[in-house]
Amino acid sequence: MASEIAGEGIGARVRRKEDARHLLGRGRFVGDIQMPGLLEVAFLRSPVAHGRIRSLGKPQGQEDAVFFWSDMAGIEPIVTRSSLPGYKLSAYYPLSHEKVRYVGEGIAMCVAASRAEAEDLAEAVSLDIEELPAVTDSEAGKAADSALVHEEWGDNLCLVTDFDSGIEAVAKTAPVKVVREYKTARQCMHPMEGKGLVAYWDFQADQLVVITSTQVPHLIRTGLSECLGLDQSRVRVSPPDVGGGFGYKCLLQPEEVAVAWLAMTRKGAYRWVEDRREHLVAGANARQHHYKVTAYADERGRLLGLDAEINVDIGAYSVWPFSACLEAAQAGGNLPGPYDFRAYRARTYSVATNKPPFAPYRGVARPGVCFAIELTIDAIARAVGREPADVRAENLVQAAQMPYTNVTNKHYDSGDYPGSLAKAREMIGLAAIRERQKGREADGRRIGVGFATYTEQSAHGTKVFAAWGLPLVPGFEQATVKLLADGTLEVRAGIHTIGQGLETTLAQVANQVLGIPLKDIQVKLGDTASTPYSTGAYASRGIVMAGGAVSKSATELAGRVKRLAAHLLQCKPEDVDFRDGRIHAGEASLSFGDIGKAWYLRPETLPDDIDTNGLEVTQGYKPKVDSGVFSYATHAALVAVDPETGMVEILDYVIVEDCGQMVNPMIVEGQAYGGAAQGVGTALFEESPYDAAGQPLASTLIDYLLPGPTELPGFRIGHMETLSPYSAHGIKGVGEGGAIAPAGAIVNAINDALRELGAEIGEIPATPERILNAIFAAQPAQAAE
Amino acid sequence: MKPAAFDYSKPADLAAALHALSDDAKPIAGGQSLTPMLNLRLARPSALVDIRRQAELLRIAESSDAIRYGAALPHAAFEDGAVPDGSKGMMRHVAGGIAYRAVRNRGTIGGSLAHADPAADWISSLLALDARVIVRGVKGETAYPIDSFMLGGFTTVLGPGELVVGVSVPRLSPSARWAYYKICRKTGEFAKAISAVVSDPDRGVFRLVCGAIEAVPFLLQARDAEAAAAEIDARLGDHSPAARQLYKTAVRRAMESLA
């Protein structure tokens, strides 16, 4: 079913254009940049989770190398507005103002010739903080007597949302009721390259230039301009190579504002590079949800209604531009998942705590909601005594129902969700596993199998975001294509490449339209000085939006090329076609270089009525709907659980995904594997715990476990390809999906393995301790031993 | 995460190195534990004394009943079988499971002992092997059993001007058996539980170690898994039931693989 197209266009499995420089260590990341007089920045960060700053003192003789908020006159804090009713504003200062609200919050910015010396300076700053009680738990933070992160709020609730399609009738009559509580851990996103930037003043352009590791360069220009009070025309954001984003680099970071302020006011060049400890302690966090779910079903396990309360532990401030409330809005809106039912009630609480701010991470809330709904489906199946895969299949939106608008008004455009489950079931070998489970494993372990099916809303647009009233509302996407005099092609788009292969896939889209070989196509992304506006790379929108824009611009360029070729070949434009990288009309043919040469170098050969718009085209694109195009997948995991140690090994892992038309199957697979690897981290390893005082307990990678190659299974992938009716070429986004399902699939498999022991877990990561405690709880005698 | 300033010296011989080791100076060999501590500024020596290439610390001395290994030998030398073995392969096995190969290439046996991370592999395995840590100071050499050398987590008897120069490991009898079992959540991670056991009836030796307990690993008196479990409950009563379960399981599985 999957297309394996020859050539280099859409659907071709070609190697990535960007790989050579990365494999040879020739990428240009923030840390690689060399510049005369470049100074390094280190931040003094708060040692306490909550406190009032009594006094701050600069080291004697070094006053001009150390900066506090009080030095930054005229600068605005980061304030993220939202039109959601009841949403409370927080002012996130680039350097702390009066109070600190999490361990790691920046207090002083220190500048020196080297990072080590800048850290020396940070140590020499004198700091007196009156410590205040910290809020460290979302449930406790809701209590009336809780300490307050922001006193002026009166409580810790940044936002409470309610959705209710009517649950009462179902609640009264449903024969089966399943009640569960689920918790997902706080995580850090850990891009290989942390956050970082170089900022300097360009006197020739009379501009602040910010070379920042970001997913959203054009947005950062807007955000910096607002905070710094500098005209947008005098801010250029020029992103370098970016070593992974995952949402973390979607944010305007306080450090970004502070370092840009240095460059703007001192007119020098400054760099800050986040180190791993800063990322773990001070970087924006993700994923921490707490669910209380009641599900109603019939005797066959058909889901009739869902009633949920969801806490999101949003940390201390609302990040710009996505705010602290996008997560809860997405959680409440997406919990129904790929399932067909109409009775749904959800209340969400976005609870401020004394932890780093919360940011959307690959999948945005959906890894949490997928975990919650998928465990619930299995719990229902156990309650009615049926095979979970059967119960899941019957509850999914069926292919014949497409397009389907669900209870929270998500418009699923196309696909065969039960088909992906059936294929995953076959690939993992469910029947054989059920047979195997009847016997005993030779090593004493217990095996279990679990499934998770999800939808991934990709490239959702204007109306969806406008409903949240955020500073960011994506509209159209534009791209420029320019045929040069020698027949090579330049493609420029304002979205940025963060490792997802856009330099290749956008070139493939251009190749599809024009036939110009990939080696002759240069893709330039992200620089605000040379690319059309784009809100950036997030929400699995890149290939749908920028791909659509490149397709549209290239199509317009194709028409112009054909008209020029028709003149040169003395034929009609409609007789011209592109083949094998050349331009043909009957027996005659031209190269793209012939066209470029005629236009740029020999205009005297062209007719007087020539279209003077030339060979550079910028056009905009928007899919037919802006409610998004929905990719989906089913993940299936086979695990072995050691009931004596609580250790889990993933024996097999299957992904069956459908992202519509694949532009490059190899890149789709890379996205699926990379996302799933992060999902394995969510399921089994990653956790940023905090103690009661708000101190982070995982401040190095000794304590924060990331899965490595030996912890990851050999993912096996199956493709389905249902084209979206709404997007150019039928493409759907696929950047996030891999990360969504693993926790649901793996923990369902663990619970399947523990079933005979009467044990069940609902909290991730599924550490040996949590699994052992669940086993102990099921066998009280053993726990007392 | 950059270290505070320090002086660096690479003395010509061991005497000069010992002389250079004062209160504020730290020896560095592989640096696989010290370098992160420096970067986190948890260790703040005024000076580092580089002992990595000291010939005496790379020397191996064999006698009829023991082998003495220089402290600066890297884990990889044991893993690769590049040094003589009197442990019937136990040290080679243990070395091959330390962290990652990159760490094993640089990290040294003496450095691991001196760092005294309770979850480290050498501490527990060498306790089972009844090895002696050779410490040299200005007054000469002292040989410590592991559980006398290590005073607690990350704490040893080492004083200013003292250096681990080697470790002496008794040779096992031909009939001896050993087992080593550790529980890690991921490859290369420090262990959650370790058990090492050496049974050498010809020498009248049976040593069963419970390790990675956030303190000095200890020798169990028990000779079977059930008694060991009771002993672990008694000695580690302040640990959670789940943690104790891991120690008991590690010990039982070590015993089982010995059998």
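What you see is a predicted model, and the numbers here were worked out from it, not measured in a lab. Side chains are part of it too, since the values below use all heavy atoms of this structure and drop only hydrogens, waters and symmetry mates. Protein chains get the first letters and strands the later ones, always in sequence-line order, with residue 1 at the start of each.
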Using non-hydrogen atoms and a 4.5 Å limit, figure out which bit of [X] sits close to chain B: side chain, backbone, both or neither.
| X | answer |
| --- | --- |
| A:E711 | side chain |
| A:E117 | neither |
| A:I771 | neither |
| A:T700 | side chain |

| query | Between A:E40 and B:K2, does at least one N-O distance fall below 4.0 Å, as a salt bridge requires? | reply | no

| said: For the backbone of B:N39 and the side chain of A:R277, can you confirm whether one donor and one acceptor N or O come within less than 3.5 Å of each other? | reply: no

| B:K186 side chain to A:L706 main-chain N or O, any donor-acceptor pair under 3.5 Å? | yes

| field | Test item: B:K192 and A:P768 side chains (from C-beta on) under 4.5 Å apart, heavy atoms | value | no

Work out which heavy atom in [X] is nearest to a heavy atom in [Y]; give both atom names and the distance.
| X | Y | result |
| --- | --- | --- |
| B:P3 | A:A116 | O-CB, 3.8 Å |
| A:T645 | B:T249 | CG2-CG2, 3.6 Å |
| B:M1 | A:D275 | N-OD2, 2.8 Å |

| Counting only heavy atoms not in B:E214, do more than 12 fall under 6.0 Å of its CD? | no

Mind checking the [atom1]-[atom2] spacing from [X] to [Y]? Nearest 0.5 Å is all I need.
| X | Y | atom1 | atom2 | answer |
| --- | --- | --- | --- | --- |
| B:L40 | A:R276 | CG | CZ | 13.5 Å |
| A:E644 | B:Q245 | CD | CD | 6.5 Å |
| B:S240 | A:L772 | OG | CG | 8.5 Å |

| request: Among A:V648, A:T767, A:I702, A:N773, single out the residue with the greatest number of heavy-atom pairs under 4.5 Å to chain B. | output: A:T767

